Structure formats: C-alpha cells, structure tokens
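Below you'll find the structure, written out as structure tokens, and then a few comments.
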Amino acid sequence: MTPNGPVGERPGGAAAAAEGVTALSRWAAEVGFASLPDAVWRRAALVVTDDLAAVVAARDEPELRPLRDQLLRHAAMPEATVFGSGRPRTDRYTAAVANGAAAGWCELDEGYREVPCHGGLYVLPALWAEAEAEGHTVREMLRALAVGYEVVTRFARGFRFPDRMLHPHAALPAVGAAAGAAAIRRVAAETFLDAIAGASTMAMPGPFDHAVKGTLVRNVWAGVGAWIGLRSVDWAGFGICGAASSPYDAFVGGLGAEARPDELVEALGRSWGIVDGFHKIYACCQYAHAAVESLEDLLARRPDIEAASDIERIVVETHRRGLTLENRRPATGLAAKFSLPHIVASVSHLRHTGAEAFSAATLTDPAIAELRERVVLELYEPERPWPEDRPARVTWLLRTGECLQAECRSARGGPDRPFAPSEILDKLHGIAAAVYPRMAETCQALVALDDALLDVTWTEAVARMTAGAPS
C-alpha cells in the first residue's frame, strides 16, 4: 500500500508512469546528432569541463586518496582513466567508481536547478569510462551525455521525494549512468528500457541528512551508482533487467516518492534539462551560495572589519532549503560544506570565498568555531518564485551598534545568471593546471565545439588532456 492507496489504483499512477518510462526510453534510443539544438551541445561541453574540474579538485582529499589507491591496487585491464593525479588506467567499472566518488567530493560539480539532481555527476563517470574503453568519439560522448542527462532529470521530476528524505546522489546515479551508457552503446529501445528499469530497482536509500551530518559514505554513492548503471546495461543485453513498472514500484512503492508521470514525457525533445543546469565556483552546497554572494558584497564594502572582534552577531535570512543546513558543529569536510553557520563564519573570518574557506582545515580554527555560535538562521520572507527561490539576506551586527546588510536573490551560475564559458574554463585551469597542464587547453577546444576535437575519440581527447602529467 502507498499513502494514497494500492499501487496500480492511483489515478495517473503506476500505469501512466510505466507508459512514460517506455516512451522516454523509446525517445532516448532514437536521438541522433541532428536532434540536439546548439544550446544543448554547448551546455554538454561545459558540463564535461566543469565536472572534470570537480574530479581533479578532490585529488588530495585525505579520505579519497586511500579509496582511489585501493581501487587501483585491484585494477583489471587498463581501458579507462582515473582522473586526479597522474594517468592511472584501469577497467571501466573501477574507473567509473573512482571518478564518481571524486566528482561530488568537493561540492564543485554542476547540477540541475529545477529539482535536486546533479545530472552530470550521475551520467559522466560511467559515460567517460565507457567512451574511453570503446573508443567512441567526443561528439558521440556529448550526445550520450545530453540524452542521459535528459533521462535522469526527467526521473528526478517524475518521481519526487519529500524534502530531507532521500538524497538524490543515492537515488538517481544508477539511472543516469545506465541511460548514458545505453545511449553511447546505441542499444535498441527495448534494451534501453530494460537497463534503466533494472537500474532503478538498485537505487540506494541514502538519507538526505547524511550530507548535513557529514557522513562520508554519501560521497561514494555516485561512484557505486556508476558501477550499477554500467552493469545494468550489460545485464539487460541478456535478459537480466527490470520492467516498465519497475521505476514506479521502486521509487513510489518502495522509497515513498510522489509520481508525476507527465514530467517523464512533457515537451520531450523540445525542452532539454541540461540547459537548465547550474555551475558553482564556491566549494559548498548550492543552497548556501546566495549567502556567500551576499558576504562577498559585505567584504568588499568593509575591508576594515575583523570578524572575530568586530561582529556581535550574523543574521542569515535564507530560503527553506537553506534552513536545513543547520549543523552548528560540523565534524568533517563534507559537513563543513553543508553547514550554513560554518560557511558564513568561515568566509567572514577568512575574508575570501576560495575553496580553502570551505575545507576541513577550517574546522580546527577556534576563531571560526566561536564565530559560528553567533550566526542566527531565519527564514527569508516573503518567499520568492523560481528562479529566485533560493535567496539570502546577510546582516552583520557590529559591536559598535552599526548594522551592515547585503542581499542576493539568486546566486550566479544558474540559467538566469549564467557564468560565461571563459569563467568555467578559468575554474578548470586554476584547479587542474598543476596536475594536467594541457587539460584546460583541450577543454577550450571542447567548449568551442571544434570539429577537430569532436571527431577524435574520447580516448585521444583524454590522452591530450593528461599529456605532461606524471604516469
């Protein structure tokens, strides 16, 4: 039984969802190069660039290094690259796990703005590995990314979990990985359906609050999902698969999602989820970005303020999802990135918004720890419609009695205030130059949709990006 009656009897429920998943699979299996608008190609190239930066950014994370080393110790045939440090290659499944774990570690990967869903994170680790192992072209990889991104974002909209219930990094990566791998293998519509349906039954019930608590298993969900997605396509080829009803049964009947079957097919082929994504330059949860932008305004206006000695209290008015970032005593680097009191205190004290302001190193700073006890979270009112549904207003109340305030209604990086492609390339260069001096140069050609790059294999493109790196 579901809260609204037996599965299969809900109006527009199980049957409509099965029809929607079937239609979505049929469409995805048939998408050709000509079907993708120019804006989709350009966004796909930026998503690849951005998520490469996110993977490389995690290279020195103390918990990730031994995970990566352990995976590589048991490496099989060298067919796909593990990004981050040097040019280690392993089998595609292991590479997908390693890159999937790294991509979301630093909270610098891109995401989808309409509902919680990091489409690139869920599709690319498996897709990169498959494309490199099988020698698919860069153009084909971008096409498969756009298709996989569309499938997983429609799943995110079509099966919605209540706020603070399941984390999308647990529930959705297997579907995204399966969709991307099925798209680049160009499987038939029936096999595409079999694969994503099977993957949906292996979704993980990862609690949403594990991010706020800083529970590090949350960071490996996407890597595990990448492995599941690849294997789901493998297994569908010989009949080990799900059914059209499986996504509804798993997400709604098993995990408590609300089904919105129309979202699976509405404007399919005319509306593309990948163009509604966002990028990040702050290494913390996107829910906090409007507050960070507000702080940048305050820091620029008052360079004389010493937070520890001058600020009596910091009031942060934020949206409802921002209020969930309430962990006042974060214990891990992940928790630091999901603690609004810590984020605000750290940026105010350090006076910058670089990645170091959100790192685990800030957790041992006594001045930051003391300052976050002076942070007060309140609801931003009145609530605003999308895309201004994640606003913030930050007020510094000084010991002198002076009150300084700044507001941001929508953080940069979303479709309403996008970063220029050059800013994403600068982000990649700043992160990767020390390890991969050629990566930004190669991605510049990718973002420009240079045919000379698009027509080579992803294997060759990876070789160019990693040239000059230690082996």
Side-chain angles (χ1 to χ4, degrees), residues 40 42-55 57-58 99-125 127 145-146 148-157 159-161 163-164 166-173 175-177 179-180 206 208 210-212 218-219 221-223 225-226 272-293 319 321-322 324-325 334 337-338 343 355 358 386-390 410-419 423-424 427-428 431:
V40 172
R42 295 192 179 281
R43 271 285 300 157
L46 282 176
V47 170
V48 171
T49 301
D50 205 25
D51 280 10
L52 282 169
V55 173
N99 289 329
W105 202 283
C106 293
E107 283 299 306
L108 281 168
D109 60 302
E110 65 82 50
Y112 180 59
R113 187 63 178 79
E114 187 172 336
V115 293
C117 175
H118 289 223
L121 173 63
Y122 306 156
V123 176
L124 279 172
L127 181 57
L145 169 59
Y149 202 109
E150 190 64 25
V151 170
V152 77
T153 52
R154 284 182 178 272
F155 263 66
R157 285 158 40 200
F159 301 103
R160 301 200 186 199
F161 295 100
D163 279 350
R164 292 179 59 82
L166 293 188
H167 200 290
H169 286 13
L172 296 171
V175 172
F208 187 91
H210 271 32
V212 179
R218 174 264 189 188
N219 285 350
W221 289 336
W272 292 83
I274 201 166
V275 302
D276 290 328
F278 64 82
H279 296 283
K280 301 197 290 186
I281 58 171
Y282 308 132
C284 63
C285 177
Q286 202 272 343
Y287 295 171
H289 282 212
V292 176
E293 266 197 51
H319 51 99
R321 286 176 172 163
T324 67
L325 310 183
L334 174 62
K337 298 173 186 298
F338 281 80
I343 290 166
F358 314 105
W386 192 93
E388 295 185 348
D389 57 327
R390 299 181 184 180
S410 178
R412 289 192 68 205
D416 58 321
R417 298 181 64 208
F419 292 120
E423 292 177 282
I424 304 302
K427 171 184 170 180
L428 174 65
I431 289 171

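All residue numbers in this chain count up from 1 along the given sequence. Fair warning: this is a prediction, and the values are worked out from it, not measured in the lab. Side-chain atoms are counted along with the backbone in the values below, which use heavy atoms only and exclude waters and symmetry mates.
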(message) Let me confirm one number: the CZ-CD distance from Phe155 to Glu150, rounded to the nearest 0.5 Å.
(response) 12.0 Å
(message) Within the structure provided, determine whether Glu110 and Thr49 are in side-chain contact (heavy-atom separation under 4.5 Å).
(response) no
(request) May I have the step-by-step check of side-chain contact (heavy atoms from CB on, under 4.5 Å) for Leu124 and Val55, ending in yes or no? (result) CA-CA 11 Å; Leu124 279 172; Val55 173; over 6 Å; no
(message) Please give me the minimum heavy-atom distance between Ile343 and Cys284, naming the atom from each residue.
(response) CD1-CB, 3.8 Å
(message) Over 60° means perpendicular and under 30° means parallel, so tell me whether Tyr287 and Phe208 are parallel, tilted or perpendicular.
(response) parallel
(request) For residues Ala156 and Pro116, report the shortest heavy-atom separation together with the two atoms involved. (result) CB-O, 4.4 Å
(request) In sequence, state the C-alpha distance, the side-chain angles, and the governing distance for Arg218 and Glu107, and then conclude on salt bridge (Lys or Arg N to Asp or Glu O under 4.0 Å). (result) CA-CA 12 Å; Arg218 174 264 189 188; Glu107 283 299 306; 2.7 Å; yes
(message) Evaluate Glu114 against Arg157 for side-chain contact (heavy atoms from CB on, under 4.5 Å), listing each step before the verdict.
(response) CA-CA 8 Å; Glu114 187 172 336; Arg157 285 158 40 200; 4.1 Å; yes
(request) Please tell me if the side chains of Asp51 and Asn99 come closer than 4.5 Å, counting only heavy atoms from C-beta onward. (result) no
(request) For Ala54 and Ala103, work out which heavy atoms get closest and say how close. (result) CB-O, 3.3 Å
(message) As an exercise, state the distance from CZ of Phe419 to CZ of Phe278, rounded to the nearest 0.5 Å.
(response) 10.5 Å
(message) For a 4.5 angstrom cut-off between non-hydrogen side-chain atoms, does Glu423 reach Ile281?
(response) no
(request) Give, for atom CG of Leu172 and atom CZ of Phe161, the distance between the pair rounded to the nearest 0.5 Å. (result) 6.5 Å
(message) A side-chain contact here means heavy atoms from C-beta on lying under 4.5 Å apart; do Glu388 and His319 qualify?
(response) no
(request) Could you tell me whether the side chain of Arg390 reaches within less than 4.5 Å of the side chain of Arg113, counting heavy atoms only? (result) yes
(request) Using modelled atom types only, decide if a donor and an acceptor are shared between the side chain of Lys427 and the backbone of Leu108 within a distance under 3.5 Å. (result) yes
(request) Could you tell me whether the side chain of Cys285 reaches within less than 4.5 Å of the side chain of Lys337, counting heavy atoms only? (result) no
(request) Could you point out which residue of Trp221, Tyr122, Trp105 forms a ring-ring contact (aromatic ring centres under 6.0 Å, His included) with His169? (result) Tyr122
(message) Looking at Glu293 and Arg412, would you say the former's side chain and the latter's main chain have a donor-acceptor pair under 3.5 Å?
(response) yes
(request) Classify the ring geometry between Tyr149 and Tyr112 as parallel (under 30°), tilted (30 to 60°) or perpendicular (over 60°). (result) perpendicular
(request) Heavy atoms only: give me the nearest Gly206-Ala170 pair and the separation to one decimal. (result) N-CB, 3.4 Å
(request) Could you check if a side-chain atom of Asp50 sits within less than 4.5 angstrom of a side-chain atom of Asp109, using non-hydrogen atoms only? (result) no
(message) I need the minimum non-hydrogen distance between Gly180 and Val123, along with the two atoms involved.
(response) CA-CG1, 4.0 Å
(request) Quick one: closest heavy-atom pair of Ala177 and Ala226, and the distance? (result) CB-CA, 3.7 Å
